[in-house]
Amino acid sequence: MSSEDPLNASPNDAVKRSRYTHRQLHLLRQGSTATPLRAIAHIDLDAFYAQCEMVRLGLPRDTPLAVRQWESLIAVNYAARPFGITRMITAAEARKACPNIVLQHVATFREGEGGRWAYRDDSFKNIKTDKVSLDPYRAESRKILKTIKDELDRWCTNEPDGEAHCFTQGLSAGLEKASIDEVFIDLSPLVYSVLLQRYPELRPSLQDENRDAGLPPPPTTAVPWDPEDFLVELDLHEREEDDPDWDDMVMLVGAEIVRAVRRAVWDELKYTCSAGLARNKMLAKLGSACNKPDKQTVVRNRAVQHFLGGYKFTQIRMLGGKLGDQITSLFGTEQVSDLLSVPLEQLRTKLDDHTASWLYGIIRGDDRSEVNPRTQIKSMLSAKSFRPSINSVGQAEKWLRIFAADIYGRLVEDGVLENRRRPRVITLHHRTAQSRSRQIPIPASNAVDENLLFELAKTLMRQVITDGQAWPCSNLSLSVSSFEEGVSKNKAIEGFLLRGDQAKSLSHGSRPRDPNAAASEQLPPEKKRKTDDNGIKRFFAQPPHTDSPVVDEESAQPQPDPDPISAAQRSPPEVHGSAMPYYTCGRCSRSIAELESEEHDDWHFAKDLELQERQEARDVQHQSRPTNSSSSSRGTGTRGRGGRGGRGKPERGQMRLAFQ
DNA sequence: GTATAATCG
DNA sequence: GGCGATTATAC
């Protein structure tokens, strides 16, 4: 073991600096996609539909169960898998392999029973009249998402005693709903704040003029990993005995948060999930599948090469289909390790430039895709396959009626009645020998109801028939898309955008080489800055999620996704000329061109410094408490302190005070 | 905007 | 394979 106290000056300090810089560390705070210190989690519910049925039926965990859809299985729980039950076998085969298995059929709509789905014990015999409903799973998915979000919010506002409030101000973790049973979480801003709380030596200081200088090393020689965490083995040339660097500490904190999230999902809803934690989405997603069920896997930076080298690249997102096949035949291998020895130039001779450089990066673990803070659905589809095919308008219209009812029910859940969101386009897909689709706008003048959807669907059906070969039809589906936000919300957002523009002109007026301008922009009239902060907090402090209770107060409604288009419009025009990359700053939700990332980062850095100085001044004034960076896991003394009068959330009030 | 394909769970 | 959802691409 080396020195226990690396902060003490010693001749060796120079060689023991972290290989990461202040700049890389502080990029974490904004959700920048460029820093190697990023912490991205992927959470995947284990055999989700099967778990939903286990929970709904109140069955013990060791009961073998599969979810049935007609004669197929669409989900198999872990208790059933040792019997050889997979999604690829039929219900009859499953029963034979495991006589005690519960084969629960999905809920269905039934012709002539209105728009209500139900669990029916004879649904598998009624493929002719029933249509599958996945609503029960959507509902559970929403609950789980809310639990995850609430737990993350707890971490965002969980402040230890003492002076570190400013590091959690306005914090939020980006949550991207990737599918009904998967989410990505950008833990970076959260991890950043925890690190700064626990390791004061990382905090921005006036001495750190050179932000490209290495950070001090972590004050430890061995990372205290939780025994429950699965660590991917290090690359061949790396050793566990080597001192950790800050990327390891980032993963340690990230793993703690993910564990807490998973525990919350279990404690509150009794669902198990698996998680992957890594520096980007691709690695996190591969990681979450490594140890299932109910486990989490950490892919440290120093393990990435070893980790990826063992994969077929067809396992990597986007390479599972035709592109992957094409690459396989072009290079005669499916192994990542084989492709690693192909130089970029050679990739370019066989693939278009964009694909070549993307591929070159992705197999080396380089994935800069953002966690898109989006939890709302973008389209809704209701479909039915016909075996045998159907042959008449009359038959088709029976299904259109059910599709309309299905979609309408989901729109109600989504808030059409309250005018929160409504779709602008309706589409009918139709399959005979080939696939066709037609779409039309949903008239903005009408209230969206079941009957309107049905009438529009019939109109589309007539068009399809007029177009050409409509029969025999083997598949029909109706979908709605292009959602728009309700009126009240738009007003509120316009209000914010105005303030956002003011803030923007302030922000972009500063150049890093003009400290005076930067400083003066920190000190506009207090009142105005407060307005801006409230605006941002009000609109973006909480990631949106679909099933938050509707609060009637206009300003308290759940938020839409930050619209990338309008976000782009808030940025300077030169940003949008071509494919200029930009990202949404995690701290202020402004759209920032990547070229201006550093400048914007500097602006936040300066602002952080100012905040911290103010806080320190306040602490001195108030006889500051001991500034231990004592561990701050959930529930350790963060509730209202006696001195504060026991308000519900004293931290919030405190934070605001710090800015006034 | 409209239509279709590709990819994923 | 059935049912859904998202994104990219071409026009």
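Naming: A, B, ... by sequence-line order, numbering from 1 per chain.
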**Message:** Any base atoms under 4.0 Å from A:Leu319, or only sugar-phosphate, or nothing? Heavy atoms, all strands.
**Reply:** sugar-phosphate
**Message:** Just to be sure I understand the rule, does A:Asp181 reach a base, reach only the sugar-phosphate, or reach nothing, if contact means heavy atoms closer than 4.0 Å?
**Reply:** sugar-phosphate
**Item:** Protein-nucleotide distance (A:Ile327, atom CD1; B:dT7, atom P), rounded to Å
**Value:** 10 Å
**Request:** Ignoring hydrogens and angles, state whether a donor on the side chain of A:Tyr119 or A:Glu53 is under 3.5 Å from an acceptor on the partner side chain.
**Result:** yes
**Request:** Check the side chains of A:Ser141 and A:Arg138 for a donor-acceptor pair under 3.5 angstrom, ignoring hydrogens and angles.
**Result:** no
**A:Arg68 CZ to C:dG1 P, straight-line distance once rounded to whole Å** = 18 Å
**Request:** Give one of base, sugar-phosphate or nothing for A:Ile180, where a contact means two heavy atoms less than 4.0 Å apart.
**Result:** nothing
**Request:** Would you verify whether the NZ or CZ of A:Lys378 falls within 45 degrees of the ring axis of A:Phe483 while also being under 6.0 Å from that six-membered ring's centre?
**Result:** no
**Asked** Want to settle it: does A:Ala178 or A:Lys384 sit nearer the 5' end of DNA chain C, counting the closest nucleotide to each?
**Response** A:Lys384
**Request:** Return the value, rounded to whole Å, for the distance between atom CG of A:Asp352 and atom C1' of C:dA10.
**Result:** 16 Å
**Asked** Does NZ or CZ of A:Arg61 lie under 6.0 Å from the centre of the six-membered ring of A:Trp266, at an angle within 45° of the ring axis?
**Response** yes
**Request:** May I ask you to say what A:Arg138 touches in the nucleic acid, namely base, sugar-phosphate or nothing, with a heavy-atom cut-off under 4.0 Å?
**Result:** sugar-phosphate
**Asked** Contact class for A:Ser437 (heavy atom, under 4.0 Å): base, sugar-phosphate, or nothing?
**Response** base
**Asked** Picking from C:dC3, C:dT7, C:dA5, which would you name as closest to the side chain of A:Val132?
**Response** C:dC3
**Message:** At 4.0 Å (heavy atoms only), tell me whether A:Ser482 reaches a base, stays on the sugar-phosphate, or touches nothing.
**Reply:** nothing
**Complete:** Here the distance between atom P of B:dC8 and atom CZ of A:Arg87, to the nearest Å, is 14 Å
**Asked** Within the structure shown, what part of the strands sits under 4.0 Å from A:Arg387 by heavy-atom distance: base, sugar-phosphate, or nothing?
**Response** sugar-phosphate
**Request:** Compare the minimum distances between each of B:dT4, C:dT6, B:dT7 and the side chain of A:Lys322, then state the nucleotide with the smallest one.
**Result:** B:dT7
**Asked** Reckon A:Arg410 touches a base, only the sugar-phosphate, or nothing at all at heavy-atom distances under 4.0 Å?
**Response** sugar-phosphate
**Request:** Report the C-alpha separation of A:Cys52 and A:Tyr271 in whole Å, then their side-chain angles, then the decisive distance to 0.1 Å, and conclude whether the side-chain contact (heavy atoms from CB on, under 4.5 Å) test is met.
**Result:** CA-CA 8 Å; A:Cys52 288; A:Tyr271 285 92; 3.8 Å; yes
